There are 2 protein chains.
Amino acid sequence: MHISSKGDYGLRALFDLAQNYGAGPIQSEEIATRQGIPVNYLNQVLISLRKAGLINSLRGAQGGHLLARAPDQINLLEALTILEGPFLPGDLLPESAATKPEDWSILATVWLNLRKTIEANLEAITLEDLCQRKRDKRGNVMYHI
Amino acid sequence: MHISSKGDYGLRALFDLAQNYGAGPIQSEEIATRQGIPVNYLNQVLISLRKAGLINSLRGAQGGHLLARAPDQINLLEALTILEGPFLPGDLLPESAATKPEDWSILATVWLNLRKTIEANLEAITLEDLCQRKRDKRGNVMYHI
DNA sequence: ATAATCTTAATCCAGTAAGTCAAGATTGTC
DNA sequence: GACAATCTTGACTTACTGGATTAAGATTAT
């Protein structure tokens with residue numbers, strides 16, 4: 001039960017773009033350097049995000065990537081589902097019953113419930129929230145100098 | 001983000017043993033048949049559970065496995081942690097900072113929070129709860145005949 | 001034109017999941 | 001004591017996935 005590096009990298013890239021929202025296109029090279037991610041791998045992740053409509057990409061010189069929506073319109077559930085696929089997928093959930101032994105459906109209900117909990121937790125956090133938390137943190141650090 | 005078959009099978013085995021709690025040792029063959037699990041694989045899972053102290057195993061004829069504690073003293077978090085390892089493990093969490101880029105710690109807090117949510121959810125469910133749910137279900141089914 | 005940049009597909013390696021198999025150890029029962 | 005049932009262990013297999021690299025090609029600003 002873990003987050004793969006695809007999800008990790010993808011979220012960090014989105015967070016990076018959120019912090020630069022309104023500042024024009026950001027190049028993948030720049031994101032990669034700032035976030036410590038292999039560029040070639042990041043490019044693949046960015047393609048997934050673009051296909052899903054979360055970012056727009058501009059080609060050519062001075063091209064780059066930018067969020068397709070404002071940071072407060074993108075939540076972590078949406079992003080992670082694109083990057084990692086659904087939580088607790090497929091054969092564990094209540095639909096695929098019948099062939100399975102009886103006790104199975106009791107557990108399926110547990111999983112479904114857990115999934116809902118996770119999704120609610122992530123859906124409540126937007127990219128803008130992350131930016132805000134960073135600003136808060138910065139503020140605190142300043143205070144302590 | 002999924003539950004592997006090891007976790008799935010292990011929980012089903014524990015659930016099975018919970019339903020037979022107090023009825024003496026249950027053989028792995030019997031559990032495997034009832035739950036639709038390959039015996040040889042189930043045996044490996046049972047060894048993990050025994051090493052972790054969740055079940056006791058008796059060898060020889062009329063041997064088998066039984067819960068080491070009453071069903072209401074074993075919760076799903078404990079069982080799943082044994083079977084699957086910790087949730088959102090290792091390098092994503094706030095301890096391994098310093099080398100990582102700055103934004104990373106903001107996300108680490110998100111993961112830590114999510115982990116707590118998941119753990120609280122699973123810790124609240126015991127094997128006895130599962131048995132109770134099954135009894136409730138049986139009752140309802142009877143009603144509808 | 002050309003250089004910057006993204007796109008795509010092919011490829012690679014390591015690790016893990018899922019399961020099989022066979023030989024050995026333990027113990028109750030006759 | 002011998003036997004049979006049962007669990008134990010570890011080696012092994014097969015297939016898949018995660019993570020990443022590379023190289024060739026497409027697009028477009030200047």
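Every chain is numbered from 1, with letters handed out A, B, ... down the list of sequences. A quick note: this is a predicted structure, and the numbers were derived from the prediction, not measured.
Residue whose closest nucleotide on DNA chain D sits further toward the 5' end, between B/H65 and A/Y9: B/H65. Nearest-nucleotide positions on DNA chain D place B/S57 closer to the 5' end than the other of A/N40 and B/S57.
Looking at B/R12 and A/D103, no side-chain N of the basic residue comes within less than 4.0 Å of a carboxylate O on the acidic one, giving no salt bridge. Ion pairing of A/E123 with A/K116 is absent here, as no side-chain N (NZ or NE/NH1/NH2) approaches a carboxylate O to less than 4.0 Å.
Taking a heavy-atom distance under 4.0 Å as the criterion, the stretch of DNA chain C touched by chain B extends 5' to 3' from C/dA18 to C/dT29.
Contact annotation: B/R50 does not reach the phosphate of D/dC7 (side-chain N/O to OP1 or OP2, under 4.0 Å). One finds a side-chain N or O of A/S5 lying less than 4.0 angstrom from the OP1 or OP2 phosphate oxygen of D/dG19. Under 4.0 angstrom from either OP1 or OP2 of D/dG18 there lies no side-chain N or O belonging to A/Y41. Regarding contacts with the backbone of D/dG18, every side-chain N or O of A/S4 stays at 4.0 angstrom or more from both OP1 and OP2.
Here the P atom of nucleotide D/dT8 and the CG atom of B/L42 are 11 Å apart, to the nearest Å. Counting to the nearest Å, the P atom of D/dT28 and the CD atom of A/Q27 are 16 Å from each other. Taking atom CG of A/N43 as the reference point, atom C1' of D/dA23 lies 13 Å away to the nearest angstrom. Protein atom CD of B/E29 is 14 Å distant from nucleotide atom P of D/dT8, rounded to whole Å. The separation between A/R59 atom CZ and D/dT30 atom C1' is 18 Å, rounded to whole Å. Whole-Å rounding puts the B/E30 CD to D/dA5 C1' distance at 14 Å. Between the CG atom of B/L58 and the C1' atom of D/dC7 there is a distance of 10 Å, given to the nearest Å.
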Criterion side-chain contact (heavy atoms from CB on, under 4.5 Å) on B/L122 and B/F87, from CA distance to verdict: CA-CA 11 Å; B/L122 290 175; B/F87 294 88; 3.6 Å; yes
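For A/Q44 against D/dT21, a side-chain-to-base donor-acceptor contact under 3.5 Å is present.
For the side chain to side chain donor-acceptor pair (under 3.5 Å) test with A/Q19, the passing option among A/R34, A/K134, A/R135 is A/K134; the others fail.
Considering only heavy atoms from C-beta on, B/H65 comes within 4.5 Å of B/S28 through its side chain. A heavy-atom distance below 4.5 Å is not found between the side chains of A/Y21 and A/C131.
A/L46 comes within 4.0 angstrom of no nucleic acid atom, judged by non-hydrogen atoms across all strands.
The closest side-chain donor-acceptor pair between B/T126 and B/D129 falls under 3.5 angstrom.
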